[in-house]
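See structure below.
For clarity, every value in this text was computed on a predicted model and none was experimentally measured.
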Amino acid sequence: MALIERWRPETHTFHLFIGEVTITLQDVEVLYGLPVDGHPIALPNAIREYMGLQYLEMLQWLTGFQSPDETTLIRASRLQLMPVRQALEAMHADIIDDTSELHIHRYTRLLLLLMFGGVLFPNTSGNLVSLRFLHHLERLDDLHHYSWGVAVLSYLYRQMCRANMGTQRDIAGFLPLLQVKT
């Protein structure tokens, strides 16, 4: 809360007794290795219209994950993280030296989805991941071409501004940036 009180949404800076401080793209790139140059993280028009069932089909096609409970899908585009974690644990046990490439790719996609929802782009519930990231996971070899650092920093700024304006009580986002920088 102390950081929220010192956040100025107009300038995206913290006003501290030592002066103004902000988190820059260079901080994101140097401290965490997240690329800031490359393709923007954007949602294709075709996917903007997806509803719960379409996301679940895409999720199953890319990861092999099939939720045992339909209620794990929240608000048509978000999934609870706990079933994803449980599926990862079960898949991990099956990985051995001669595991198929398809199994490894599905495991990797599911792990990345967990990382998106639990680390890089967490929400205030702490238990949901947006399935809108799925289209970025179709081609794993292209992931490094995207500017993930820009997306992570802008999401954090957005969350800080929302908390400062009082539209939400808690803050979300990649909070290690705040811990290292301030």
Can you measure from [atom1] ([X]) to [atom2] ([Y]) and round to the nearest 0.5 angstrom?
X    : Y    : atom1 : atom2 : answer
M82  : N127 : CE    : CG    : 6.5 Å
Q159 : F121 : CD    : CZ    : 11.0 Å
D94  : R106 : CG    : CZ    : 12.5 Å
T108 : L62  : OG1   : CG    : 12.0 Å

Within the 4.5 Å heavy-atom criterion, are L81 and L114 side-chain neighbours or not?
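Yes, their side chains come closer than 4.5 Å.
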Could you check R139, H144, H145 and say which one makes a side-chain hydrogen bond (donor to acceptor under 3.5 Å, both in side chains) with D142?
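Exactly one pass, corresponding to R139.
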So does [Y] get a backbone contact from the side chain of [X], meaning a donor-acceptor N/O pair under 3.5 Å?
X    : Y    : value
R109 : T63  : no
Y155 : P122 : yes
Y157 : I23  : yes
Y146 : H136 : no
H92  : Y107 : no
S147 : H39  : yes

Closest non-hydrogen atom pair between H135 and P44, with its separation:
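The pair with the smallest heavy-atom distance is NE2-CD, 3.1 Å.
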Start with the C-alpha distance between W148 and F116, add both sets of side-chain angles, then the distance that settles ring pair (Phe, Tyr, Trp, His ring centres under 6.0 Å), and finish with yes or no.
CA-CA 10 Å; W148 292 105; F116 289 149; 5.0 Å; yes
